[in-house]
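Read the structure below first, then the notes.
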2 protein chains.
Amino acid sequence: MDAQIAERLNNHLASKGLRRTRQREVIVDTVFSSDEHFNAEELLDRVRAVDRTVSRATVYRTLTLMVECGLLRHVDLGREQTYYDPNFLDKPQHNHLICIDCDRVVEFEDEHVALLNDCITRRLGFRPQMQSMRIEAHCDELGRNGTCRFKTERAAR
Amino acid sequence: MDAQIAERLNNHLASKGLRRTRQREVIVDTVFSSDEHFNAEELLDRVRAVDRTVSRATVYRTLTLMVECGLLRHVDLGREQTYYDPNFLDKPQHNHLICIDCDRVVEFEDEHVALLNDCITRRLGFRPQMQSMRIEAHCDELGRNGTCRFKTERAAR
DNA sequence: AAATCATTGGAAAACAATATCAAACGTGAG
DNA sequence: CTCACGTTTGATATTGTTTTCCAATGATTT
């Protein structure tokens, strides 16, 4: 487990009087073994491939902990389940474009989004914290193949 | 029912070979009797205050129809149920700021958001369709009163 | 070793949303 | 008007996600 991740996790557990356990370590390691977005059930499958005894409840509980301590973020992909984004630690902020035609998710960086966010937030009398911009757009390649469905891409800058 | 709304609904029903029914009219009227965001269960309550025989299934089915024909939009308020926004027909595009402290939702208009959206979308090689910017921010008036919870405000321009 | 408290897995519950289906309804043809 | 047909409905069952419950287990402190 990456040192920065371990530290953040440890701090959070300590501050709440919680313990480091084998299950929590397996789950955190599994989360960061990929940078794809995922939902709880997908993660459960991945975790169980490593340790089949880990329960569904523990996965859900650990996800909550990870969001609390900033190791994960919810990401709005316009689907009904809750999706998580493990791919933002130590990286510039990114946002997501979702293709209406093929469901691809493209991560993109654009510094103007954050600037605009701060400007609008202050104008409305609030203190900036976080923004997310979700773009829905067409690639006009309807059903071009089955494999891009739900796949994430990262845009070159 | 507003003429523009009726026309759009009729066109959609006709194009799918569907019928205008008492239930669908009650539901559509109820949706537009307020400009608040709502979820399906809240709408069901409001509809049943008018006509207690309307079923949950019909409400869900009619919401789907209304989204299909552009009378409603999903809105991402960061809650787990699906929320709908009835407040965008014939109006400039707006986006939402959600207060982390008191859960208020502030609708705001800003023309730069749409410009930025188009610019980013084209840069990534997609054809623009729709964008939503969700801002989460602090009002620093934690729990200042119970009444602002989940209430929507509209920002002056 | 005992007391205390966190943690776990599994089952059950809660919840939103969808699917199923027989009965009721509306429409157009005759 | 009546019939035949397809649509619509409400009720219920079902699905799928997420949360809660609980007794058993495990870790830590004294």
Side-chain angles (χ1 to χ4, degrees), chain A residues 9-31 37-69 72-84 150, chain B residues 9-31 37-69 72-84 150:
Chain A
L9 180 65
N10 288 339
N11 287 345
H12 186 64
L13 293 177
S15 77
K16 296 189 74 172
L18 305 180
R19 295 173 188 156
R20 222 158 198 285
T21 64
R22 177 177 52 81
Q23 287 89 339
R24 285 177 181 156
E25 293 198 357
V26 171
I27 292 166
V28 173
D29 283 343
T30 304
V31 162
H37 304 133
F38 61 89
N39 63 31
E41 294 295 319
E42 289 167 358
L43 179 62
L44 177 63
D45 288 343
R46 289 166 55 201
V47 167
R48 284 195 166 157
V50 178
D51 179 346
R52 68 172 55 257
T53 74
V54 176
S55 72
R56 169 173 281 110
T58 299
V59 167
Y60 277 91
R61 286 185 286 234
T62 305
L63 282 171
T64 300
L65 287 175
M66 292 179 75
V67 170
E68 282 172 5
C69 71
L72 280 180
R73 269 198 208 144
H74 290 145
V75 58
D76 171 32
L77 300 182
R79 304 182 201 147
E80 68 176 78
Q81 305 112 302
T82 302
Y83 273 76
Y84 297 87
F150 294 174
Chain B
L9 180 65
N10 288 340
N11 286 345
H12 186 64
L13 293 177
S15 77
K16 297 189 74 172
L18 306 179
R19 295 172 187 156
R20 222 159 199 284
T21 64
R22 178 178 51 83
Q23 288 89 338
R24 285 177 181 156
E25 292 197 358
V26 171
I27 292 167
V28 173
D29 284 342
T30 304
V31 162
H37 304 134
F38 61 89
N39 62 32
E41 295 296 318
E42 289 167 358
L43 179 62
L44 177 63
D45 289 343
R46 289 166 56 201
V47 167
R48 284 196 166 156
V50 178
D51 180 344
R52 71 170 53 258
T53 72
V54 177
S55 72
R56 168 174 283 109
T58 299
V59 167
Y60 276 91
R61 286 186 285 235
T62 305
L63 282 172
T64 300
L65 287 175
M66 292 180 74
V67 170
E68 282 172 6
C69 69
L72 280 180
R73 269 199 208 141
H74 291 145
V75 57
D76 171 31
L77 301 182
R79 304 185 200 143
E80 66 176 79
Q81 305 111 303
T82 302
Y83 274 76
Y84 297 87
F150 293 175

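Throughout, a chain's letter reflects where its sequence line sits, starting with A, and its residues are numbered from 1. Note that these values count all heavy atoms, side chains included, but never hydrogens, waters or copies made by symmetry.
Phosphate contact (OP1/OP2 of D/dG10, side-chain N/O of B/Q23, threshold under 4.0 Å): present. Note on A/T21: a side-chain N or O is less than 4.0 Å away from OP1 or OP2 of C/dT8. Within the 4.0 Å cut-off from OP1 or OP2 of D/dT18, at least one side-chain nitrogen or oxygen of A/Y60 is found. For B/T58, no side-chain nitrogen or oxygen approaches OP1 or OP2 of D/dT8 to under 4.0 Å.
In this entry the distance linking CG of B/L13 with P of C/dT27 reads 12 Å, nearest Å. Going from atom CG of A/L63 over to atom P of C/dT8 covers 13 Å, rounded to whole Å. Remark: P of C/dA19 and CZ of B/R56 are 16 Å apart, rounded to the nearest angstrom. Atom pair B/I27:CD1 and D/dT9:P shows a separation of 7 Å (rounding to whole Å applied). For the pair B/L43 CG and C/dA16 C1', the interatomic distance rounds to 15 Å; values are reported in whole Å. One can place CD of B/E42 at 14 Å from C1' of C/dC15, the figure rounded to the nearest angstrom. Remark: P of C/dA17 and CG of B/L65 are 16 Å apart, rounded to the nearest angstrom. One atom, CD of A/Q81, and another, C1' of D/dT19, lie 16 Å apart when rounded to the nearest Å.
Among the nucleotides C/dA19, C/dA17, D/dT9, the one closest to the side chain of B/A57 is C/dA19.
B/R61 contributes a side-chain N or O that forms a donor-acceptor pair with the base of D/dG10 under 3.5 Å. Judged by distance alone, with hydrogens and angles left aside, B/R22 brings no side-chain donor or acceptor close enough to the base of C/dG26 to form a pair under 3.5 Å.
Along DNA chain D, the nucleotide nearest to B/E80 and the one nearest to B/K16 differ in position, and the one closer to the 5' end is contacted by B/K16. Heavy-atom nearest nucleotides on DNA chain D were determined for A/R19 and for B/G17, and the one closer to the 5' end corresponds to B/G17. Both B/E41 and B/R20 sit near DNA chain C, but only B/E41 has its closest nucleotide nearer the 5' end.
Residues A/R61 and A/T64 have side chains that never bring a donor and an acceptor to within less than 3.5 angstrom of each other.
Among A/D45, A/L43, A/V31, the single residue meeting the side-chain contact (heavy atoms from CB on, under 4.5 Å) criterion with A/V59 is A/L43.
The aromatic rings of B/H74 and B/Y84 lie tilted to each other, with the angle between the two planes from 30° to 60°.
In this structure a side-chain-to-backbone donor-acceptor pair under 3.5 Å is present from A/R46 to A/T30. Of the possible polar contacts, one joining the A/E42 side chain to the A/N39 backbone as a donor-acceptor pair under 3.5 Å is found.
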